[in-house]
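Here's the structure we're looking at; comments come further down.
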Number of protein chains: 2
Amino acid sequence: MEQFRRFPEEDRRLLESLTERRQRHYEAREDVIREGEHSPEIHIVLSGLACRYKLLENGTRQIMAFLVPGDPCDAEVFILKQMDHSIGTLSPSLVAAIPGEVVTDLLLNRPSVALALWWSALQDEGILRERIIDAGRRDAYSRLAFLIYEVFLRLRAVGLAEDGRFDFPVTQSDLADATGLTPVHINRMLQRLREEGLILAEGRRWTIRDAAGLRQAAHFTANHLHYDRAHDEPDSEAGRRLKGLI
Amino acid sequence: MEQFRRFPEEDRRLLESLTERRQRHYEAREDVIREGEHSPEIHIVLSGLACRYKLLENGTRQIMAFLVPGDPCDAEVFILKQMDHSIGTLSPSLVAAIPGEVVTDLLLNRPSVALALWWSALQDEGILRERIIDAGRRDAYSRLAFLIYEVFLRLRAVGLAEDGRFDFPVTQSDLADATGLTPVHINRMLQRLREEGLILAEGRRWTIRDAAGLRQAAHFTANHLHYDRAHDEPDSEAGRRLKGLI
DNA sequence: CGATCACTTGAGATTCGTCAACAATTGTGG
DNA sequence: CCACAATTGTTGACGAATCTCAAGTGATCG
């Protein structure tokens with residue numbers, strides 16, 4: 001959540017204490033919240049890997065986003081009556097629950113947190129848009145490369161990818177559900193990525209062996225992640241405007 | 001913008017006067033704002049049809065969303081440094097520009113407007129997610145049916161579709177760019193939709209002839225649009241919480 | 001040690017894309 | 001109002017990407 005702008009020390013401690021108060025451990029493949037449900041609290045992934053998904057009439061599952069540690073899951077139930085999709089874990093995960101009233105209070109009194117939440121929502125949108133391009137205009141090979149590279153970047157941004165190595169506990173079926181391809185085809189494309197020396201996947205442990213090559217295979221351009229002002233740069237105009245706003 | 005909750009009369013008048021003050025007419029296929037740009041104002045489509053799109057390296061265009069009258073185009077430049085995609089018109093359109101400071105002021109002092117903007121952003125997200133499913137798991141026929149049905153619903157929600165008839169001034173190429181298909185294939189699928197008596201397209205004027213059939217062809221489930229509490233129902237818990245919030 | 005789940009491989013079917021030609025419509029200048 | 005150009009829509013033949021089905025290998029776990 002600090003990728004848009006660093007929090008004041010006070011806010012960081014406050015958030016840490018909030019996430020420590022109500023935690024729950026989920027097994028792999030458990031639901032955190034289901035389509036149609038409303039929740040009085042919002043959830044934040046602390047460790048593990050989760051995803052937004054939807055079950056379709058024909059029984060297939062579409063994964064619409066991966067959620068890495070630090071990602072808020074369901075800030076939207078706050079405004080909308082119910083979830084229009086489900087959140088489920090892919091690996092054993094630790095998830096914090098923050099009561100709605102507390103979030104209200106944060107939005108009211110902690111502009112840095114409000115800004116971070118807003119930024120997170122906008123980043124989500126950017127990622128979704130990119131995934132549409134991905135699905136619509138790239139072939140299976142690029143699509144898979146894109147997905148892997150994006151997950152890698154996002155994990156690295158939260159300090160979970162050292163030296164191009166990271167845990168990515170998904171099955172080839174999960175990747176199929178996320179890309180809209182079949183497991184069989186995912187398998188073949190993974191082989192190609194491996195043969196070409198771009199990645200290495202040993203069990204759930206992945207390694208990016210040729211980041212530039214992978215990026216190229218994915219036709220990746222990063223500006224949809226809006227990471228570029230992640231640090232202590234002087235605030236932008238908009239940032240300044242909003243700082244005292246909420 | 002009132003689909004989530006009606007505005008107080010005062011707010012409505014305020015917004016109307018704001019949109020009247022700075023309007024600009026665009027021809028078909030003009031850009032309102034381009035990828036990479038930052039704008040000191042946000043734009044709202046008043047009439048016509050616009051879209052969010054992105055040009056890819058290979059020269060193709062991906063349309064990620066249609067913007068119908070009432071839709072805010074670029075509320076995000078408010079927070080993010082620059083647009084990660086472009087907004088362009090598809091037909092001659094009237095677009096209002098509202099200066100950033102005014103928006104700041106609205107967010108501060110007009111909870112109903114703040115809520116509407118937030119809701120609009122969340123609805124956008126839902127639509128994007130649905131489009132991912134669309135691209136990933138539906139065949140060309142359903143994809144096209146889905147797109148048409150969704151546009152119809154959104155136009156109807158803003159009073160621009162009487163009796164299943166509405167203006168939808170797009171070429172088959174535009175539809176191809178929006179669905180990730182080729183114009184040729186769009187043509188064939190449109191023929192099929194016509195043959196089956198689901199739709200009628202005479203020039204830019206479209207008619208839904210069999211809404212239920214189209215809905216079925218599209219595998220459409222509407223909850224991602226979150227229209228269900230469009231009217232003067234008692235406020236939800238979240239709505240009440242937020243009312244005094246921003 | 002057997003069962004289950006994930007992964008791998010091959011062959012054939014299907015959807016959709018590509019290319020190329022042509023028809024219909026719209027727009028434009030004379 | 002006409003003639004022509006440009007854009008949009010339509011059609012067919014063919015090829016490529018991806019899916020489906022089916023079988024088999026390999027790991028993991030009780």
Side-chain angles (χ1 to χ4, degrees), chain A residues 27-29 49 56 58-63 90-92 133-148 167-195 199-206 217 219, chain B residues 27-30 49 56 58-63 89-92 133-148 167-195 199-206 217 219:
Chain A
E27 295 304 314
R29 277 144 225 287
L49 185 69
L56 277 51
N58 57 9
T60 63
R61 176 182 65 161
Q62 176 72 42
I63 292 179
L90 292 170
S91 72
I133 293 177
D134 196 41
R137 290 279 174 233
R138 292 194 250 259
D139 62 14
Y141 175 71
S142 295
R143 234 142 112 183
L144 183 57
F146 188 93
L147 187 149
I148 293 167
D167 278 321
F168 188 35
V170 289
T171 65
Q172 294 183 359
S173 279
D174 293 333
L175 293 176
D177 288 343
T179 50
L181 300 164
T182 34
V184 173
H185 209 58
I186 287 286
N187 183 289
R188 299 197 230 263
M189 295 302 109
L190 272 179
Q191 284 178 47
R192 203 172 132 201
L193 287 170
R194 280 193 289 247
E195 275 164 20
I199 62 163
L200 199 74
E202 303 158 309
R204 318 274 97 130
R205 189 86 188 151
W206 293 59
H219 303 290
Chain B
E27 295 304 314
R29 277 143 225 287
E30 263 192 280
L49 185 70
L56 277 49
N58 58 9
T60 63
R61 176 182 65 160
Q62 175 71 42
I63 292 179
T89 59
L90 292 169
S91 72
I133 293 176
D134 198 39
R137 290 280 174 237
R138 291 192 251 258
D139 62 14
Y141 174 72
S142 295
R143 233 141 113 183
L144 183 56
F146 189 93
L147 186 148
I148 293 166
D167 278 322
F168 188 36
V170 289
T171 65
Q172 294 183 359
S173 279
D174 293 332
L175 293 177
D177 288 343
T179 51
L181 300 165
T182 38
V184 173
H185 209 59
I186 286 286
N187 183 288
R188 300 197 228 263
M189 295 301 109
L190 272 178
Q191 285 178 46
R192 202 172 133 200
L193 287 170
R194 279 193 290 248
E195 276 164 19
I199 61 163
L200 199 74
E202 304 158 308
R204 316 275 97 131
R205 188 89 188 149
W206 292 59
H219 303 289

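Worth knowing before you read on, the calculation uses all heavy atoms, side chains too, and leaves out hydrogens, waters and symmetry mates. Per chain, numbering begins at 1; letters A, B, ... match sequence-line order.
A:Asn187 comes within 4.0 angstrom of a nucleotide base, judged by non-hydrogen atoms across all strands. Nucleic acid contact class of A:Arg138 (heavy atoms, under 4.0 Å, all strands): none. Using a 4.0 Å heavy-atom cutoff across all strands shown, B:Arg204 reaches sugar-phosphate atoms only and no base atom.
The shortest distance between the side-chain N/O atoms of A:Gln172 and the OP1/OP2 oxygens of C:dT8 is below 4.0 Å. Taking side-chain N and O atoms only, B:Gln191 has no distance below 4.0 Å to OP1 or OP2 of D:dG9. One finds a side-chain N or O of B:Arg194 lying less than 4.0 angstrom from the OP1 or OP2 phosphate oxygen of D:dT10.
No donor-acceptor pair closer than 3.5 Å links the side chain of A:Ser91 to the backbone N or O of A:Ala28. No side-chain donor-acceptor contact under 3.5 Å links A:Ser173 to the backbone of A:Pro183. Distance alone, capped at 3.5 Å, is enough to place a donor-acceptor pair between the B:Arg138 side chain and the B:His219 backbone.
In terms of heavy-atom proximity, A:Leu147 sits nearest to A:Leu175 at CD2-CD2, 3.8 Å. Nearest heavy-atom pair across B:Glu27 and B:Thr89 is O-OG1, 2.6 Å.
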What N/O pairs connect the protein and nucleotides 17-23 of chain C at under 3.5 Å? Give each pair on its own line.
| from | atom 1 | to | atom 2 | distance (Å) |
| --- | --- | --- | --- | --- |
| C:dG17 | OP2 | B:Thr182 | N | 3.3 |
| C:dG17 | OP2 | B:Thr182 | OG1 | 2.8 |

